[in-house]
Amino acid sequence: MPHPTSLPAWHALEAHAQAIGDDHMRDLFARDPDRFSRFSLRLGDLLVDYSKNRVIHQTMALLADLAREAGFDEGRRQMFEGRPINATEHRPVLHVALRNRSNRPILVDGRDVMPDVNAALARMRDFSERVRSGAWTGATGKAVTDVVNIGIGGSDLGPAMACDALAPYTRPDLRVHFVSNVDGSHLADTLAGCDPETTLFTVASKTFTTQETLANATSARRWLTGALGEAAVARHFVAISTNAEKVAAFGIDPAHMFVFWDWVGGRYSLWSSIGLPIALAVGFERFEEMLDGAHAMDEHFRTAPPESNLPAILGLLGIWYNNFLGADAVAVLPYDQHLRRLPAYLQQLDMESNGKGTARDGQPVAWRTGPVLFGEPGTNGQHAFYQLIHQGTRLIPCDFLVAAECHHGLAEHHPLLLANALAQPEALMRGRTMDEVHADMIKAGMGADEAAALAPHRTFPGNRPSTTLLYRRLDPHTLGMIIALYEHKVFVQGLVWDVNSFDQWGVELGKKLAQAILPELSADHPAADHDCSTKGLIDAIRAMRGDD
Ligand code: G6Q
């Protein structure tokens, strides 16, 4: 693939940014009363309004050209056809096969993967139904009341986020917990509320070699066997992995292992057996509805041209700000308490996928790649960091997510939430000029001198971009659509930035050094060849613990 900066559309966008980059959206709206219909798109119950972005028709046309010149058609075709697009790991990238509800054959090395996918789903259905009906019991014959998923990164964030998102579909008598951190407090605090007789552990690890997960699983096993004996493991532990050998070595019967495949990336794996905790929490039909939603987005992404392709539009808008208007960060702001884990989930999806400095040909990139992503549920964020988004010196494009209808019965709350979710994008876009602010203060009775002194502080520059994702209600189908939308957005950006979005070598070095430091923390082992800061900290830990 050519480097993006060599593409004609890249140069055209640079010139275009010079020409219109400072135009104020207030004026763009004033000039074009059809801006909302021109720059919004609906797919099923999901409406994406991107009219409050610093773009005009020509911007979107140039961005679509950029996608095409970067190989949009060929790139997405290769992914959906199971080509080994994760070139540094020689793997296809086929999360789309996991929710390929059409059953269209998808070949890997000439073999259709769909029978395997369907068999894995059938096992998830069978097991989740047995647990939920009480047919599957613990070693003492009692039904499961608590599921504890032990996993980290991609084996945690997706299912944890989805279980929170679908909380209205869960049952109070079957709670699902997530333990990821190797900090023992995470496991200890979780188990403090569980009864060994009625607790089921799902140990989720693609490789089954991850230090944190194995440490937590080993301690959980000790907790269980201490109460119920060794034989209880078979009824209280199941594994979700691609590595049967390691699962058996840990002492979990491979008959109680739920499989997936190396063509499923960790952060793209919640659609696979890694989603078992979701099926346990909300039931398999609901899990299937989530797959259906993702499939609907896949079909849209697979077939629509970039101009009317939601993931492409979101990805290209991100590129516009990141590469042409100087933004460093993006904010994801769900006005939906059940999506409180979405920013954390998207941090991994986006920053682990596109936080890369090497192009696919091995050359260092000479253009900016993935931005910093952060967020919190609205309205909490409004009372915290929105100050910087409104008046700070950085450009931070925002995504607002909100449902037209709520699940709860506190009817008077939802209009308050909706009003805030609509007011923030409007405020970011319009701002408030010095003259408006000054006039307001004079009208409120303030003296002329004080009004003049305060006006600059109270002025909002506006012209701060945002996109609003409005959906009818956060149900499994919509959740599936939203997650797939962001997955494909990240794909489009990786394609244009010419990086491999599907590896994550950047997480390896720290893991390796931790292995080296671990034995050095014990008193009789001298700290080895470290910089003086690391060595000083090791010595201080020993001294604080009284090891010396
Ligand atoms: C995700 C990454 C990473 C991975 C974890 C857990 O894309 O690969 O977050 O999911 O390191 O790995 P295991 O599932 O192998 O334990």
Side-chain angles (χ1 to χ4, degrees), residues 71-124 153-155 157-159 162 204-207 240-244 258-276 278-279 287-288 290-303 309 311-312 315 345 348-350 352-354 360 480-481 483-495 499-504:
F72 177 75
D73 287 331
E74 176 68 2
R76 67 180 168 171
R77 190 180 63 73
Q78 288 189 352
M79 176 169 71
F80 280 92
E81 284 184 358
R83 301 296 169 83
I85 59 172
N86 176 358
T88 59
E89 297 179 314
H90 315 291
R91 290 175 185 163
V93 173
L94 274 178
H95 41 284
V96 293
L98 302 168
R99 63 239 185 168
N100 173 18
R101 312 300 285 164
S102 70
N103 254 321
R104 181 171 45 82
I106 297 184
L107 306 183
V108 172
D109 297 331
R111 186 171 164 268
D112 184 10
V113 298
M114 289 316 298
D116 289 348
V117 168
N118 292 328
L121 286 172
R123 280 203 67 211
M124 283 172 77
S155 298
L157 285 160
S205 176
K206 182 173 168 180
T207 55
I240 305 166
S241 188
T242 59
N243 193 337
F258 295 84
V259 297
F260 61 117
W261 308 275
D262 68 1
W263 43 261
V264 184
R267 55 193 171 276
Y268 298 87
S269 65
L270 84 165
W271 320 99
S272 72
S273 297
I274 289 288
L276 182 63
I278 310 171
F287 181 72
E288 278 189 309
M290 203 179 91
L291 300 183
D292 291 342
H295 180 62
M297 185 58 73
D298 291 345
E299 285 303 282
H300 165 73
F301 177 61
R302 191 172 68 85
T303 53
N309 188 308
Y345 167 78
Q348 182 189 29
L349 176 65
D350 200 312
E352 197 164 69
S353 297
N354 287 338
R360 278 180 284 197
M481 286 179 92
I483 302 170
L485 170 64
Y486 278 108
E487 285 177 344
H488 295 319
K489 169 197 166 176
V490 165
F491 173 83
V492 170
Q493 294 188 329
L495 195 76
V499 295
N500 178 2
S501 302
F502 301 104
D503 61 12
Q504 57 284 317

[X]: side chain to side chain contact (heavy atoms under 4.5 Å, CB included) partners, not counting sequence neighbours:
| X | result |
| --- | --- |
| Arg302 | Phe80, Arg104, Glu299 |
| Thr207 | Ser205, Thr209, Thr210 |
| Ala294 | Arg99, Trp271, Ala484 |
| Asp262 | Arg91 |

Where Gln493 and Asn354 come nearest, the two heavy atoms and their spacing: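 Nearest heavy atoms, Gln493 then Asn354: CB-ND2, 3.7 Å.
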One pair to check against side-chain contact (heavy atoms from CB on, under 4.5 Å): Arg360 and Leu495. What are the steps and the verdict? CA-CA 10 Å; Arg360 278 180 284 197; Leu495 195 76; 4.1 Å; yes
All side-chain hydrogen bond (donor to acceptor under 3.5 Å, both in side chains) counterparts of [X], not counting sequence neighbours:
| X | value |
| --- | --- |
| Gln504 | Arg267 |
| Asn100 | Ser102 |
| Glu74 | Arg77, Gln78 |
| Asp112 | none |

Under 3.5 Å, side chain of Lys206 to main-chain N/O of Val264, donor-acceptor pair present?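 Confirmed, Lys206 side chain pairs with Val264 backbone.
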Quick one: does Ser272's side chain have a donor or acceptor within less than 3.5 Å of a partner on Ser269's backbone?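 Yes.
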Do [X] and [Y] have side chains that get closer than 4.5 Å, going by heavy atoms?
| X | Y | result |
| --- | --- | --- |
| Glu81 | Ile106 | no |
| Arg83 | Leu94 | no |
| Leu485 | Phe301 | no |
| Leu349 | Glu487 | yes |
| Ile483 | Tyr345 | yes |
| Met79 | His488 | yes |
| Phe260 | Asp116 | no |

Suppose we screen for ring pair (Phe, Tyr, Trp, His ring centres under 6.0 Å). Which residues come up paired with Tyr268, at least two apart in sequence or across chains?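 Per chain and number, Tyr268 pairs via ring pair (Phe, Tyr, Trp, His ring centres under 6.0 Å) with His95, Phe502.
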Taking only residues two or more places apart in sequence or in another chain, which ones pass ring pair (Phe, Tyr, Trp, His ring centres under 6.0 Å) with Phe258?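 Ring pair (Phe, Tyr, Trp, His ring centres under 6.0 Å) list for Phe258, sorted by chain: Phe127.
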I need the full list of ring pair (Phe, Tyr, Trp, His ring centres under 6.0 Å) pairs touching residues 97-117, with sequence neighbours left out, sorted by first then second residue.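 Checked against ring pair (Phe, Tyr, Trp, His ring centres under 6.0 Å) - neighbours excluded - no pair reaches residues 97-117.
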